[in-house]
Amino acid sequence: MALPPLKALQAFEAVARLGSVSDAAAELFVTPGAISQQIKKLESCLGIRLVERNGRGVELTSWGAAYQLDITGPFAALRQAHATLQRKRAGSGLVVSCLATVASRWLGPQLFDWQALNPASKIRLIGAESEPRLFEDGVDFRLSYGSKSQSFDHYAPLFTDWVVPACAPGLIAGRAVTAPEDIFNCPLIGIEWEGSHKPAPSWEEWARSVGVSVGNVSTELAFSLSSTALDAAVNGRGFVLAQIAMIREDLASGRLVVPIDRRLQLGESYFLAWDRAALEKPFGAQFRDWVLAMSRAQQRISAAA
């Protein structure tokens, strides 16, 4: 009997392991429709139903659960072989995965300081929103946010950031912005994080925290990526509730200003996770300790009123 197409097997294995067509599509860099099509092809080849829709998710049939047990081991072995090859290619370098905004606006700029202190080290920084499987994906460290830390075996909490209303100097040129309520006479930019995180602080929450009653607050634009919202603010599009850690360089250069320094704390902390083997690589333990030290310094800066 001929084997089913490998792509169809791969699609089913990813859906069965992750429990989601969309998560499987993101992992395999295809569309959810392509995943569904490959599973239908596999079911057609086998002549049995493997997956059933369950609300917004999927559920394995009895046949599907039994089939998953048989193919899980071989696919795990393939992923491990791939990760081993990737690690050999990376040599002594460290692979660091970060949330995109953290990579571009917090860790990335400070890596130049790390490189100056450790010129023989090699760092590859990846900006990604989805959480990697550290060893399997060839990632040594992951810097992310919130309760997702619990999906890792080894991690340490970092700083809990605060947000402040920030804008480009030109936005308020000629305007009197001396009290919190004055900000609500200007355009506002919103940030709406993906559903797996606790929501970012909203303008309504900030208004309540400073004792301002402004009724329904509407934002002209809302972005899912904090970095995109910050870029819009730098370009003079409005005020944004910006994380202190993410606008350090913008404040230092004058691209952004904070006319009313009233801070609101995020609901959760950032964290650093690592693969145990990463600490055995050259510079691995030093890099972890360096990030933890930077985090302690950032905590003091972000909380300072």
Side-chain angles (χ1 to χ4, degrees), residues 1-83 85-86 95 97-103 126-139 142-153 191-200 222-228 268 271 273 275:
M1 180 179 178
L3 286 174
L6 181 58
K7 284 187 178 180
L9 284 169
Q10 186 181 30
F12 169 73
E13 188 276 339
V15 169
R17 173 167 43 84
L18 300 173
S20 165
V21 170
S22 59
D23 288 349
E27 179 176 286
L28 299 178
F29 301 102
V30 297
T31 65
I35 292 291
S36 298
Q37 186 178 23
Q38 289 297 333
I39 289 178
K40 288 180 181 178
K41 183 182 296 185
L42 179 60
E43 290 175 333
S44 177
C45 288
L46 298 175
I48 54 175
R49 188 70 176 251
L50 299 172
V51 172
E52 291 180 343
R53 289 283 180 180
N54 181 18
R56 296 183 64 185
V58 294
E59 189 175 89
L60 298 182
T61 65
S62 297
W63 287 115
Y67 200 48
Q68 181 197 16
L69 288 176
D70 289 332
I71 68 172
T72 292
F75 271 96
L78 284 171
R79 285 193 296 270
Q80 185 167 343
H82 177 71
L85 180 61
Q86 290 296 95
V95 179
S97 171
C98 278
L99 293 172
T101 298
V102 178
I126 301 171
E129 297 304 302
S130 59
E131 302 303 317
R133 304 181 309 278
L134 293 178
F135 180 80
E136 293 87 345
D137 290 344
V139 173
R142 170 65 176 172
L143 205 163
S144 190
Y145 177 79
S147 60
K148 291 185 176 182
S149 61
Q150 298 171 15
S151 65
F152 296 96
D153 293 330
I191 298 175
E192 298 176 357
W193 288 341
E194 61 167 290
S196 59
H197 293 309
K198 283 188 177 180
F223 299 93
S224 61
L225 279 179
S226 298
S227 57
T228 309
E268 296 181 298
F271 67 87
D275 175 33

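For E27, the salt bridge (charged side-chain N to carboxylate O under 4.0 Å, His left out) test picks out R17, R133, with sequence neighbours left out. For S20, the side chain to side chain donor-acceptor pair (under 3.5 Å) test picks out S22, with sequence neighbours left out. Residues passing the side-chain contact (heavy atoms from CB on, under 4.5 Å) test with A66, sequence neighbours excluded: none. Every ring-ring contact (aromatic ring centres under 6.0 Å, His included) that F271 has, sequence neighbours left out, goes to F152. Applying the side chain to side chain donor-acceptor pair (under 3.5 Å) test to T72 and every residue at least two apart in sequence or in another chain returns nothing.
A distance-only check finds a donor-acceptor pair linking the side chain of T61 to the backbone of L50 [under 3.5 Å]. With hydrogens and angles disregarded, no donor-acceptor distance shorter than 3.5 Å links the side chain of E268 to the backbone of Y145. In this structure, R49 contributes its side chain and V51 its backbone to a donor-acceptor pair below 3.5 Å. Listed for the E59 side chain is no donor-acceptor partner under 3.5 Å among the backbone atoms of E52.
Between L28 and A11, the shortest heavy-atom contact is CD1-CA, 4.0 Å. For the residue pair S36 and V21, the shortest heavy atom distance occurs at OG-CG1, 4.0 Å. Of all non-hydrogen atoms in I191 and A200, the two that sit nearest each other are O-CB, 3.9 Å. Minimum heavy-atom separation, A100 to E129: N-OE2, 2.9 Å. For S97 against V139, the heavy-atom pair with the smallest separation is CB-CG1, 3.8 Å. Closest non-hydrogen pair, A103 versus G127, comes out as CB-CA, 4.2 Å.
A ring pair (Phe, Tyr, Trp, His ring centres under 6.0 Å) check over residues 5-34, counting only residues at least two apart or in different chains, returns the pairs F12-Y67.
For the atom pair L9 CG and L46 CG, the distance stands at 7.5 Å (nearest 0.5 Å). Here the straight-line distance linking atom CD1 of I48 with atom CG of L42 works out to 8.0 Å at 0.5 Å rounding. Residue I35 holds its CD1 atom at 8.0 Å from CD of Q10, rounded to the nearest 0.5 Å. The distance from atom CD1 of I39 to atom NZ of K7, rounded to the nearest 0.5 Å, is 15.0 Å.
Within a 6.0 Å sphere centred on CD of Q68, heavy atoms belonging to other residues, nucleotides or ligands number more than 12.
A donor and an acceptor atom, one from each side chain of S151 and E131, are nowhere located under 3.5 Å apart.
Taking 4.5 Å as the limit, some side-chain heavy atom of L99 sits within range of a side-chain heavy atom of R142.
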